[in-house]
Amino acid sequence: MTDRAEIPTNFIRQIIDRDLAEGKNGGKVVTRFPPEPNGYLHIGHAKSICLNFGIAASYGGACHLRFDDTNPEKESDEYVASIKRDVEWLGWRWDGEVRFASDYFELIHDCAVALINAGVAYVDTQSPEDIARQRGDFTHPGQNSPHRDRAVDDNLALFARMRAGDFNEGEAVLRARIDMASPNMNLRDPVLYRIRKVSHHQTGDTWCIYPMYDFTHPISDAIEGITHSLCTLEFEAHRPLYDWTLDNLAGFLASRDRLPARPRQYEFARLNLNYTVMSKRKLKQLVDEGHVNGWGDPRMPTLSGLRRRGYTPEAIRRFCDMAGVARADSTVDTGMLEAAIRDDLNVHAPRAMCVLRPLKLVIENWPAGQVEQLQIAKHPQDESMGFRDVPMTQEIFIDREDFLLEPVRKTKRLVLGDEIRLRGSYVIRANEVLRDAQGEITEIRCTYDPDTLGKNPEGRKVRGVIHWVSAEYGVPCQVRLYDRLFTEANPDRAEQGFLSVLNPDSLTVLEGCRVEPALAGVAPEARFQFEREGYFCVDPDSGAGEMVFNLTVGLRESF
RNA sequence: UGGGGUAUCGCCAAGUUGGUAAGGCAACGGGUUUUGAUCCCGUCAUUCCCAGGUUCGAGUCCUGGUACCCCAGCCA
């Protein structure tokens, strides 16, 4: 998909290069993206997706999409559907069918039985509180459970009863028998199976016992033949358990012919972006409490939000490549994301004119009723995009901010008594302003120089160029301006909590804007550059009644 | 506090037998321009968390510190 040469190397690619050189895994590279369907995907997931799918693509390998659905309480089909859609939208295609860890529940159960038979797993019928208490802490070793040495047959019988539903939630768990004194807390006889009497979005009521992540993941990776299991840094301390599980199950899985590869786990730093939050819990809270309009709100760092905001899959992939992959905790500046989308849209977005805060301007020497269809290039550097018709009439709108009564040093706007170029049109001069009873400027009376279409006036230099839209033909529309969702670079660290630093001005809705008629009726997701303003896309709220545009990102401004 | 990690420019990030600090974002100059956009040119780490040491030579090796992140869910 992407030219490999463009993708900067990173420590994981180097590990794969070395593995390949050593002939490991028969030269195969198989990765997986393993989301839990308990929320929408965000830009942080995009990093993992691009890493996993990108590696598979550049090494001629495969990448699986596997839902890590072992906790039915928090998961749902809505999330499964949104995740599939987002991965595809990003431009990736998973190998084979979508997989679910729940597809493997029977085999995982058999693995548990195998562990019991091997004497390295036991059923603990203590309360969750007792188990927690016995785990000890960083300074004190844990205490062995009184059930740690239960006979294999008893464990088998108890585990069967767990599956049969004989116990209530919390009354019994299956635990690995490792080391209650391990300095690694994850190795202090971790829970492998717990009881959850809730129906599962994939398996319904087939099960009332569910395997834990630490047990499920290595088994799922192994049976899918995953060679490189990439996850984030916080799972580093779990790696010994990942390896313990596979070391203890390799024989069993091989005997069932379900061990195509011995996977290895590698951890990389998750993506953080400043001025936003990335945890699913917090994003869900923003949605549930109505601080934003759903997971797909254009202000959200979710992929659906970025999509509605006007980001392209290409820009997001490019951004992930720009940010890189390493093991150091880091927070990428939002400016890098913006640079990625500007780069893309600058090349691909047709130009158009839209007046956000209309101020009427009447050209007194323009023949009344005359309409001149101007042909303006859709892109100044790409003539293959062609031209669009832009009607020029006696009355037009310009932005209120583009008119000044008094000249300001080096300004490039229209000043009373001076000239300005109308983009793609003529040079005009502002002669007089009309005001209403409150003194508010309501209209500017101008004259135009008929000899300035496509050429500069003789002997004079106009101070600048402003955009405009015909008052008669301009299409009224709504424009939604977005700003960062939070006022602090790191909302997670806010004294009063992340909600206390929500930006009250993250959304500004402008009504009565005027866009040039060439854009009337274009479909949602179409992207344009509104000259001198920024990049905008058509929002799905656009209907027969009114067009709605979302600000994707503003133009760079340098004075 | 025990264990596991990480520290290279404002933000990311290369640097892999020690040989004399890539690139991107941002910023700042200048040029082109009917978008204060784009594009183009240029500037931007005598220094790699700190302190010692080894060496002709260290971001890379050794010793000792410091800071930050992760782990005590029957979450992932």
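Throughout, protein chains are lettered first and strands after them, A, B, ... in sequence-line order, and every chain is numbered starting at 1.
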Next on the checklist: Need one value for A:Arg532: base, sugar-phosphate or nothing, where a base atom within 4.0 Å counts as base even if backbone is also close, heavy atoms only.
Outcome noted: base

Item to check | B:A72 versus B:G53 - spacing of their P atoms, nearest Å | outcome: 42 Å

Checklist entry - Tell me, which of residues 452-459 of chain A have any heavy atom that sits under 4.0 Å from an atom in RNA chain B? => result A:Thr452, A:Leu453, A:Gly454, A:Lys455

Checklist entry - Between A:Asp69 and A:Gln202, does any side-chain donor sit less than 3.5 Å from a side-chain acceptor? => result no

Checklist entry - Across the strands shown, which category fits A:Val462 at heavy-atom distances under 4.0 angstrom: base, sugar-phosphate, nothing? => result nothing

Checklist entry - Hey, does A:Ser182 reach any base, or is it just sugar-phosphate, or nothing, if we go heavy atoms under 4.0 Å? => result nothing

Next on the checklist: Suppose you measure atom C1' in B:C61 against the same atom in B:A22; what distance do you get, rounded to whole Å?
Outcome noted: 23 Å

Checklist entry - Roughly how many Å is it from CZ in A:Phe268 to P in B:A14, rounded to a whole number? => result 14 Å

Next on the checklist: At 4.0 Å (heavy atoms only), tell me whether A:Lys280 reaches a base, stays on the sugar-phosphate, or touches nothing.
Outcome noted: nothing

Checklist entry - When rounded to the nearest Å, what value does the distance between P atoms of B:U63 and B:C75 take? => result 42 Å

Item to check | From B:A37, B:C12, B:A7, nucleotide with atom closest to A:Arg351 side chain | outcome: B:A37

Checklist outcome for this item: Atom NE2 of A:His379 and atom P of B:U35 are separated, to the nearest Å, by 12 Å

Item to check | Torsion-based syn/anti label for B:G52, 90° from 0 as limit | outcome: anti

Checklist entry - Can the ring centroids of A:Tyr448 and A:Tyr426 be said to lie less than 6.0 angstrom from one another? => result yes

Checklist entry - Considering every strand shown, what is the Watson-Crick or G-U wobble mate of B:A13 when both distances are under 3.5 Å? => result none

Checklist entry - Just how far, in rounded Å, is P of B:A76 from NZ of A:Lys284? => result 17 Å

Next on the checklist: Only pairs with both distances under 3.5 Å count, Watson-Crick or wobble alike; so what is the partner of B:A37 in this structure?
Outcome noted: none

Checklist entry - Have A:Gln373 and A:Gln375 got a donor and an acceptor in their side chains that come within less than 3.5 Å? => result no

Next on the checklist: Work out how far the P atom of B:U43 is from that of B:G4, and round it to whole angstrom.
Outcome noted: 46 Å

Checklist entry - Sequence neighbours excluded, which residues qualify as side chain to side chain donor-acceptor pair (under 3.5 Å) partners of A:Asp451? => result A:Lys455

Item to check | Interatomic distance, A:Met180 CE vs B:G3 P [rounded to whole Å] | outcome: 18 Å

Checklist entry - Regarding A:Ser76 and A:Glu78, is there a side-chain donor-to-acceptor distance under 3.5 Å anywhere? => result no

N/O to N/O distances under 3.5 Å, protein versus nucleotides 69-75 of chain B:
residue, atom, partner, partner atom, Å
B:C69, OP1, A:Arg493, NH2, 2.9
B:C69, O2', A:Asp329, OD2, 3.4
B:C74, OP1, A:Arg135, NH2, 2.9
B:C74, OP2, A:Arg135, NH2, 3.2
B:C74, O2', A:Arg196, NH2, 2.5
B:C74, N4, A:Gln126, O, 3.2
B:C74, N4, A:Pro128, N, 3.1
B:C74, N4, A:Gly170, O, 2.9
B:C75, OP1, A:Arg196, NH2, 2.9
B:C75, OP2, A:Arg194, NE, 2.9
B:C75, OP2, A:Arg194, NH2, 2.9
B:C75, OP2, A:Arg196, NH2, 3.4
B:C75, O3', A:Arg194, NH2, 3.2
B:C75, O2', A:Asn71, ND2, 2.9

Checklist entry - Taking any strand in view, what nucleotide pairs with B:U66 in a Watson-Crick or G-U wobble way, both distances under 3.5 Å? => result B:A7

Checklist outcome for this item: Between CD of A:Glu531 and P of B:U33 the distance, given in whole Å, is 17 Å

Checklist entry - Watson-Crick or G-U wobble partner for B:U60, using a 3.5 Å limit on both distances? => result none

Checklist outcome for this item: Contacts of A:His200 meeting ring-ring contact (aromatic ring centres under 6.0 Å, His included) (sequence neighbours excluded), chain-then-number -> A:Phe105, A:Tyr210

Next on the checklist: Within the 4.0 Å heavy-atom criterion, would you say A:Gln14 contacts the bases, only the backbone, or no part of the nucleic acid?
Outcome noted: base

Checklist outcome for this item: Applying ring-ring contact (aromatic ring centres under 6.0 Å, His included) to A:His467 and not counting sequence neighbours gives none

Item to check | Complementary nucleotide of B:A21, counting Watson-Crick and G-U pairs under 3.5 Å | outcome: none

Checklist entry - Who passes ring-ring contact (aromatic ring centres under 6.0 Å, His included) against A:Trp295, sequence neighbours left out? => result A:Tyr40

Next on the checklist: Could you work out, with ring-ring contact (aromatic ring centres under 6.0 Å, His included) as the rule, every residue matching A:Tyr266, not counting sequence neighbours?
Outcome noted: A:His228

Next on the checklist: Taking the P atom in each of B:C68 and B:U1, what is the distance between them to the nearest angstrom?
Outcome noted: 11 Å

Checklist entry - When you check the phosphate oxygens OP1 and OP2 of B:G4, does a side-chain N or O of A:Gln265 lie under 4.0 Å from one of them? => result no

Item to check | B:C62 versus B:G2 - spacing of their C1' atoms, nearest Å | outcome: 26 Å

Next on the checklist: From CD of A:Glu557 over to P of B:A26, roughly how many Å is that when rounded to an integer?
Outcome noted: 14 Å

Next on the checklist: Under 4.0 Å, counting only non-hydrogen atoms across every strand here, what does A:Pro380 touch: a base, just sugar-phosphate, or nothing?
Outcome noted: base

Checklist entry - Base, sugar-phosphate, or nothing: which does A:Arg413 touch, judged by heavy atoms less than 4.0 Å apart? => result base

Checklist entry - Using the P atom in both, what is the distance from B:G3 to B:C50, to the nearest Å? => result 26 Å

Checklist entry - At under 4.0 Å, does any side-chain N or O of A:Ser330 touch on OP1 or OP2 of B:C11? => result no

Item to check | Student check: side-chain heavy atoms of A:Gln134 and A:Ser145 closer than 4.5 Å | outcome: yes

Next on the checklist: Under a 3.5 Å threshold, yes or no: a donor from one side chain and an acceptor from the other, between A:Arg484 and A:Thr276?
Outcome noted: no

Checklist entry - Taking CZ from A:Arg270 and P from B:A76, how many angstroms apart are they, rounded to a whole number? => result 15 Å

Checklist entry - In whole angstrom, what separates A:Ile341's CD1 from B:A26's P? => result 14 Å

Checklist entry - What residues form a side-chain contact (heavy atoms from CB on, under 4.5 Å) with A:Ala349, not counting sequence neighbours? => result A:Leu345, A:Tyr535

Next on the checklist: Taking side chain to side chain donor-acceptor pair (under 3.5 Å) as the definition, give me every residue that meets it alongside A:Asp137, ordered by chain and number, with sequence neighbours left out.
Outcome noted: A:Thr139

Checklist entry - Which residue, A:Gln529 or A:Lys47, contacts RNA chain B at a nucleotide closer to its 5' end, judged by nearest heavy atom? => result A:Lys47

Next on the checklist: In whole Å, measure the gap between the P atoms of B:C48 and B:A7 for me.
Outcome noted: 15 Å

Next on the checklist: I want to check one thing: is the phosphate of B:A37, taken as OP1 and OP2, less than 4.0 Å away from some side-chain N or O of A:Arg556?
Outcome noted: no

Checklist entry - Considering only B:G4, B:C25, B:G36, which nucleotide approaches the side chain of A:Met336 most closely? => result B:C25

Next on the checklist: Return whichever of A:Phe559 or A:Gly324 has its heavy-atom-nearest nucleotide of RNA chain B closer to the 5' end.
Outcome noted: A:Gly324

